[in-house]
Asks: 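If you scroll down you'll find the structure; I have some questions about it.
Hydrogens, waters and symmetry mates play no part in the numbers below; they use all other heavy atoms, side chains included. In what follows, residues are counted from 1 in the order of the sequence shown.
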Amino acid sequence: MPAQNDHSSHSENSANNQPAQNTLETAGVHSAAINYPHNPDFENGHWFPTWRPYKGDLDRDPVGINEYLPPSKSILLGVQHTFAMFGATVLAPLLMGFDPNLAILMSGICTVMFFMITGGRMPSYLGSSFAFIGPVIAVTAYAGAGFNDNLNVALGGIMACGIIYALIGLLVMKTGTGWIERLMPPIVTGAIVMIIGLNLAPVTIQGVSANQFDAWMATLTVLLISGVAVFTRGMLRRLLLLVGLVLSYIAYFVMTNIMGFGSAIDFSSVAAASWFGLPSIHTPTFEMSAIVLIAPVAFILVAENLGHFKAVEGMTKARVTPYMGRAFFADGLATTFSAGFGGTGVTTYAENIGVMAVTKVYSTTIFVVAGLVAILLGLSPKFGAIIQTIPAALLGGASIVVFGLITVAGIKIWIDSHIDFSKNSNLIIAAVTVIMGTGNFSLHLGGFDLGGIGTATLAAIVLNALFNQGAEAKAAKNSLVK
C-alpha cells in the first residue's frame with residue numbers, strides 16, 4: 001500500500017514520551033506501552049506500517065500487526081472473525097428493532113473504513129454496539145419485537161453520538177494520549193477489559209440455559225472449541241472457533257434433525273431467501289430529546305474501546321497507544337456513517353479480540369477480509385439466512401469461550417503492567433470495579449442510564465483519581481528533583 005507521511009503519529013508519539021510516563025511508572029502505575037521495544041516497521045513515520053510477509057511457525061510464533069499471511073489462510077481466518085462477531089452484531093439490532101442484514105453490511109464497511117483511517121495499525125472489528133440499546137429503547141419506546149417504528153429518531157441521536165466521539169478522537173490526535181492514560185492507567189483499563197467479558201457472561205449463560213438440551217449442546221461447543229485450541233496444531237489451531245462451530249453444528253444437526261432431540265434446524269428461510277438483495281435504507285431524524293439521551297454514549301465507547309486497545313497492546317507487544325486518537329476518530333466516523341443509512345452504532349468488538357488472544361494472529365489484513373465477507377453476507381439474504389440457522393446454544397457456547405478470554409486479557413494487563421496489589425488503593429479500585437461491572441450495577445444521570453460497564457468505568461476513574469493522584473504528584477516531584 002502506498003505510504004503517506006504521518007504527521008499525527010509524530011505528535012501522538014511525542015505526547016506519550018513526556019516525563020509523565022516516568023511519573024506514572026515511579027508511582028507504581030505502569031503503562032503497558034512503556035516496556036515495548038521500538039519496531040521500525042511499525043513506527044516508520046508513515047500512515048501505514050511497513051508490510052512484511054509472515055515467515056514464522058504458526059505452531060509457535062504470533063503473526064504481527066504488519067505481517068500478512070497467504071490469501072488462502074487469510075480468507076479462512078477472516079471468515080472465523082466474521083463468525084465471531086456475527087451473533088452479537090445480529091443480536092444488537094434485533095433488540096433495538098433495526099434491520100440485522102443492514103447491520104451486518106455496515107459492520108463490514110465500517111471495519112474496512114476503520115482499517116484505512118487507522119493506517120492498518122489497530123487490529124479490530126467494528127460491530128453493533130450494545131451500549132446504544134438502553135438509550136435507543138428509551139427514546140423510541142420500542143416494544144421489543146418486530147421493526148422499530150421510531151427508528152429514524154434514534155438514528156439522529158446515534159449520528160450525534162458518532163460526531164462527538166470523532167471529535168474526541170481528533171482531540172486525542174492533537175494532544176496525545178497522556179491525559180487519557182493518566183485518567184485510565186493499567187489498573188483501570190485492566191478492570192474495564194475484565195468487566196466487558198464478565199458483564200456479558202450472565203446474558204450468555206441465560207441464553208443457553210432455557211433447557212437442558214441447549215445447555216448440553218453449549219457445553220459440547222465449549223469442549224470442541226477448547227479441544228481444537230489445545231490438541232491441534234498450525235492453521236487448524238488458529239481456526240478454533242470456526243472449526244469448533246462447524247463440528248458442533250454437525251453434531252446439533254444429527255441430534256435434532258436426524259435423531260429427534262431438541263428443536264430441529266429450520267432451513268425454510270434459507271430456501272426462501274434470494275442470493276442478492278440490498279437491505280432497506282432509513283433516513284435519520286434529528287430531535288434534541290433523542291440527541292441528549294443518546295449522544296453521551298460516546299463517553300462509554302471511549303472507555304470501552306480504551307480497554308480494548310490496551311488489551312490489543314498487551315497481546316501484540318506493539319505500541320498501538322500512540323494511534324488511539326485515530327481509532328477513536330475512525331470509530332466515531334464509522335458510527336456516524338452507519339446510522340446515516342439506518343444501521344446501528346458500531347464499536348470495536350471484544351469477541352474478535354478474544355479470537356486474537358487465542359489464535360495469536362494480529363494481522364490487520366485479516367480484518368479487511370472479515371469486513372469484505374460481512375459485506376457479502378449483508379448483500380446476500382441467502383448467506384445471511386444460512387448463518388442465522390446457527391442455533392443460539394452453539395453461539396452461546398462460543399461466547400462462553402470468547403468472553404472468558406476477554407476477562408483473562410484484563411488480568412494479563414495487570415500482570416504485564418506489574419500492578420502492585422499490596423497497595424490498598426489498587427485493591428479497592430479493582431475490587432469495586434469488577435463487582436460493579438459483573439453485577440451490572442447501574443446509575444442514572446438525569447434520564448441517561450450508564451449501564452453496568454459505564455457505571456463501573458466511572459467508578460474506576462473516580463477512585464483512581466482519588467487514590468493515586470497523590471502518589472503521581474509525589475513521583476513527579478521526585479523526578480523533577482532528579
Side-chain angles (χ1 to χ4, degrees), residues 57-63 73 76-88 91 123 125 193-256 261-262 265 308 311-312 314-316 349-362 366 370 387 390-413 415 438:
D57 182 350
L58 280 174
D59 283 333
R60 184 183 66 250
D61 306 317
V63 181
K73 294 181 179 179
L76 288 173
L77 288 163
V79 169
Q80 177 172 254
H81 274 292
T82 305
F83 269 78
M85 69 83 193
F86 193 87
L91 179 59
Y125 189 95
V193 172
M194 282 187 67
I195 62 175
I196 289 169
L198 292 172
N199 181 265
L200 297 169
V203 177
T204 301
I205 298 300
Q206 290 170 13
V208 299
S209 302
N211 56 71
Q212 278 300 299
F213 180 78
D214 281 356
W216 278 108
M217 291 309 300
T219 303
L220 176 63
T221 304
V222 171
L223 291 174
L224 288 171
I225 293 173
S226 302
V228 174
V230 175
F231 297 116
T232 63
R233 294 289 182 270
M235 194 63 189
L236 195 61
R237 171 180 284 183
R238 304 300 178 116
L239 295 171
L240 75 163
L241 274 177
L242 183 59
V243 173
L245 274 175
V246 169
L247 292 175
S248 60
Y249 189 93
I250 294 172
Y252 190 98
F253 177 82
V254 172
M255 294 287 288
T256 57
F261 297 102
I265 300 174
H308 290 175
V312 168
M315 288 187 297
T316 62
Y349 250 35
E351 288 88 338
N352 298 87
I353 292 173
V355 172
M356 285 192 293
V358 72
T359 63
K360 305 296 188 296
V361 178
Y362 309 120
I366 301 298
I387 298 297
I390 300 176
L394 308 190
L395 290 174
S399 296
I400 290 172
V401 176
V402 170
F403 294 151
L405 291 169
I406 295 164
T407 303
V408 173
I411 298 173
K412 190 173 184 298
I413 290 175
I415 294 172
T438 305

Asks: Taking only residues two or more places apart in sequence, or in another chain, which ones meet Ala218 in a side chain to side chain contact (heavy atoms under 4.5 Å, CB included)?
Replies: Val208
Asks: Measure the spacing between CD1 of Ile225 and CG of Leu394 and express it to the nearest 0.5 Å.
Replies: 9.0 Å
Asks: Report the residues that fulfil side chain to side chain contact (heavy atoms under 4.5 Å, CB included) with Ile415, sequence neighbours left out, ordered by chain and then residue number.
Replies: Ile411
Asks: Do Lys73 and Val361 touch side chain to side chain, with heavy atoms closer than 4.5 Å?
Replies: no
Asks: Among residues two or more places apart or on two chains, list those pairs meeting side chain to side chain donor-acceptor pair (under 3.5 Å) that have a residue in residues 219-230.
Replies: none
Asks: Looking only at heavy atoms, which two atoms of Met217 and Ala393 are closest? And how far apart?
Replies: CB-CB, 4.3 Å
Asks: If I take atom CD from residue Gln80 and atom CD1 from residue Ile366, how far apart are they, to the nearest 0.5 angstrom?
Replies: 10.0 Å
Asks: Supply the atom-to-atom distance Thr82 OG1 to Leu77 CG, rounded to the nearest 0.5 angstrom.
Replies: 11.0 Å
Asks: So, for Ala251 and Leu220, which heavy atoms are closest and what is the spacing to 0.1 Å?
Replies: CB-CD2, 3.8 Å
Asks: The criterion is ring-ring contact (aromatic ring centres under 6.0 Å, His included); which residues satisfy it with Tyr349, sequence neighbours excluded?
Replies: none
Asks: Just to verify, what does Phe213 make a ring-ring contact (aromatic ring centres under 6.0 Å, His included) with, not counting sequence neighbours?
Replies: Tyr252
Asks: Taking side chain as C-beta onward, heavy atoms only, is Met356 less than 4.5 Å from Thr316?
Replies: no
Asks: Considering all heavy atoms of both residues, which atom of Ile195 and which atom of Thr438 are nearest to each other, and what is their separation?
Replies: CG2-N, 4.5 Å
Asks: Just how far is it from atom CG of Asn352 to atom OG1 of Thr359, taken to the nearest 0.5 Å?
Replies: 10.0 Å
Asks: Minimum heavy-atom separation for Pro123 and Tyr362, please, with both atom names.
Replies: CB-O, 3.3 Å
Asks: Can you give the donor-acceptor pairs under 3.5 Å from side chains of residues 401-409 to other protein atoms, not counting sequence neighbours?
Replies:
from	atom 1	to	atom 2	distance (Å)
Thr407	OG1	Phe403	O	3.0

